[in-house]
Student: 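Before anything else, here's the structure in question.
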Amino acid sequence: MEFRRTHYTTQITPQMDTQTARLAGWVHEIRDLGGIMFLILRDREGLTQVTLFKKTIDPDVLQIAKSLSRESVITIEGVVKKEPKAPNGYELIPTQIDILNPAQSPLPMDTTGKVDAELDTRLDNRFMDVRRPKTQAVFRIRHHMLSAVRGFLEQEGFIEITTPKVVATATEGGTALFPITYFDTEAFLNQSPQLFKQIMMSGGMDRVFEIGAIFRAEEHDTRRHLNEATSIDVEASFVDHEDVMQVLERLVAHVYLTVSEDAASSLNTLGIELNIPELPFKRLTYDEAIEVNNEHSKELLEWGDDLSTNAEKVIGEVIGAHYFIKDWPTEIKPYYTQPYEDEPVITKAFDLMHPRMELSSGAQRIHDYDLLRKRIQDQGLNPDGFEFYLKAFRYGIPPHSGWGLGAERLLMTMLDVDNIRDVVLFPRDRKRVSP
RNA sequence: GUCCGGAUAGUGUAGGGGACUACCAUGAAGGCCUGUCGAGCCUUCGACCCGGGUUCGAAUCCCGGUCCGGGCGCCA
């Protein structure tokens, strides 16, 4: 049985009148009007109407068509017919239909958009949810987004690396790690490639990036957190935090622009028109951010407080676009961020914010061995556990800076998606590890 | 973790002590129909999360459990 297609549905045009074609895909809908029957075939690219005239059709083909259940996988060979009454101006008159895999009934969810399904139902049946054009559009845009990130960073001289997800120690204090059994010892799932990408600065790679999974064992339960997420991480040598902030804002603008061009049809499916963010993004110091909050919010913050969810929201509403918050208090940022030489209570750290949430955080890093070791100790951590990392700082490491950007958050803010689970194929959260 | 809300056919929902033999849509099965494009019309099928309690009577009220959603917290 030949199951190779000659065309995707979208590759057929009315001008191909009288030509034969073989399509392959899923039975999207069947409309039997009596003397005439319409079968809508769906593939990755779109839909095609297959029309069966019961008086003239081969009885064997009709027999097979009548037996089809929705969402079965079939191939249809037929003749293209120019037909103004049909969607897209053509229809396919079948000469042969083969059932490659019949679908059971009832279906676990609707694929045509007639009946909604809850997120939980859709995630339980993700294979079928992805058949819906809207869901598929999200993940095709995700592909274009990651592709744009790679294209941009490569053009900027960054080298893509991959670092281990199974690690012996925590990257930094605070965040809970998932312990795993590693042969006869204990290991953890990595919460960030931070330490490894910094080591590569000592390795002389100058500019590196990684797009990879990160794991957080936090018991958070919100629409913007996952226990397994994708981080876009960058680290660059001989540059400061201002330099990598510029890389970051240009990356975001580039992603918006590239996606709007390369994923135009998927954006159209979702009814979204992207506004390319304007550069440069506004920069607030931490002090200014606190002021903005205290002017507009009932919930007052003091210097040294981290920004609450409410503060992020309030400031986001005031600014109304992407913005940076920089010069954070040293004590609420990780040990590896570089304090200002003339004012060590603040650090060369920044967050990139979308009005809805934090997208990225970064900093110039400490490259002085003694200071780094001291900062690790100050945060109550044991430097001995970081020897593999600290070693790289003893034999020549340049000043360097970098950031980590949440891929899912970038996507969900770009597409105005409310729940982070909608932009991950198989999300991992407090309540879900399967499928 | 915590506060609030919820769980009804495969899917999405209505109903909040008796008139429930549980509404509607979608779906499935069968029938009519030659231009549908969320086709239309007719017939049929399919459900009250689990356990306990209150009551003459519980889908509905109470208690416990499980699961789900939302807010907050936690969170480079």
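Letters go in sequence order (proteins before strands), and every chain restarts at 1.
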Student: When all nucleic acid strands are considered with a 4.0 Å heavy-atom cut-off, which category describes A/Glu29: base, sugar-phosphate, or nothing?
Tutor: sugar-phosphate

Student: Base, sugar-phosphate alone, or nothing: which one does A/Lys66 contact when heavy atoms must sit under 4.0 Å apart?
Tutor: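 Touches nothing.
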
Student: Has the side chain of A/Ser105 got a donor or acceptor that lies under 3.5 Å from a partner of the other kind on the base of B/A28?
Tutor: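 Between B/A28 and A/Ser105, which were checked side chain against base, a qualifying N/O pair under 3.5 Å is absent.
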
Student: How long is the line joining CD of A/Glu228 and C1' of B/C75, in whole Å?
Tutor: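 Answer to the nearest Å: 17 Å.
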
Student: If the P atom of B/C61 is compared with that of B/G15, how far apart are they to the nearest Å?
Tutor: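 Taking atom P in both B/C61 and B/G15, they lie 12 Å apart.
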
Student: B/G27, B/A76, B/U36: which one has an atom nearest the side-chain heavy atoms of A/Ser231?
Tutor: B/A76

Student: So A/Asp32, base contact, sugar-phosphate only, or nothing? Heavy-atom distance under 4.0 Å.
Tutor: base

Student: With RNA chain B as reference, determine whether A/Ser360 or A/Leu107 sits nearer its 5' end, using the nearest nucleotide of each.
Tutor: A/Leu107

Student: Regarding A/Asp120, tell me which of base, sugar-phosphate or nothing describes its non-hydrogen contacts under 4.0 Å with the strands shown.
Tutor: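 Answer is sugar-phosphate: A/Asp120 comes under 4.0 Å of backbone atoms only.
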
Student: Could you measure between the two P atoms, the one in B/U34 and the one in B/U60, and give it in whole Å?
Tutor: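 To the nearest whole Å, 50 Å.
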
Student: In this structure, how many angstroms lie between the P atom of B/G73 and the NE2 atom of A/His225, rounded?
Tutor: 9 Å

Student: When all nucleic acid strands are considered with a 4.0 Å heavy-atom cut-off, which category describes A/Glu71: base, sugar-phosphate, or nothing?
Tutor: nothing

Student: Kindly indicate whether the side chain of A/Glu118 and the base of B/U11 share any N or O donor-acceptor pair separated by less than 3.5 Å?
Tutor: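 Between B/U11 and A/Glu118, which were checked side chain against base, a qualifying N/O pair under 3.5 Å is absent.
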
Student: Under 4.0 Å from any atom of RNA chain B, heavy atoms only: list the residues of residues 406-435 of chain A that qualify, in numerical order.
Tutor: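 Under 4.0 Å from RNA chain B: A/Asn419, A/Arg430, A/Lys431.
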
Student: Any strand is fair game: report the nucleotide pairing with B/C48 by Watson-Crick or G-U wobble, both distances under 3.5 Å, or none.
Tutor: none

Student: Nearest-Å distance, CD1 (A/Ile232) to C1' (B/A76)?
Tutor: 15 Å

Student: Given B/A76, is OP1 or OP2 found less than 4.0 Å from the side-chain N or O atoms of A/Arg216?
Tutor: no

Student: Side chain of A/Asp233, heavy atoms from C-beta onward: which of B/A76, B/G10, B/G12 has the nearest atom to it?
Tutor: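 Between B/A76, B/G10, B/G12, the one nearest the side chain of A/Asp233 would be B/A76.
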
Student: Out of B/G10, B/C75, B/U11, which nucleotide sits closest to the side chain of A/Thr121?
Tutor: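 The answer is B/U11.
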
Student: Among the candidates B/A76, B/G35, B/G73, find the nucleotide nearest to the side-chain atoms of A/Tyr336.
Tutor: B/A76

Student: What residue among A/Gln136, A/Lys134, A/Arg122 forms side chain to side chain donor-acceptor pair (under 3.5 Å) with A/Asp129?
Tutor: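 That would be A/Arg122.
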
Student: Only pairs with both distances under 3.5 Å count, Watson-Crick or wobble alike; so what is the partner of B/U26 in this structure?
Tutor: B/G10

Student: Counting the atoms with a prime plus P, OP1 and OP2 as sugar-phosphate, which does A/Lys54 contact under 4.0 Å by heavy atoms, base, sugar-phosphate, or nothing?
Tutor: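 The answer is nothing, as A/Lys54 stays clear of every strand by at least 4.0 Å.
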
Student: Give, ordered by number, those residues of residues 295-305 of chain A having at least one heavy-atom distance below 4.0 Å to an atom of RNA chain B; if nothing qualifies, reply none.
Tutor: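 By residue number: none to list.
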
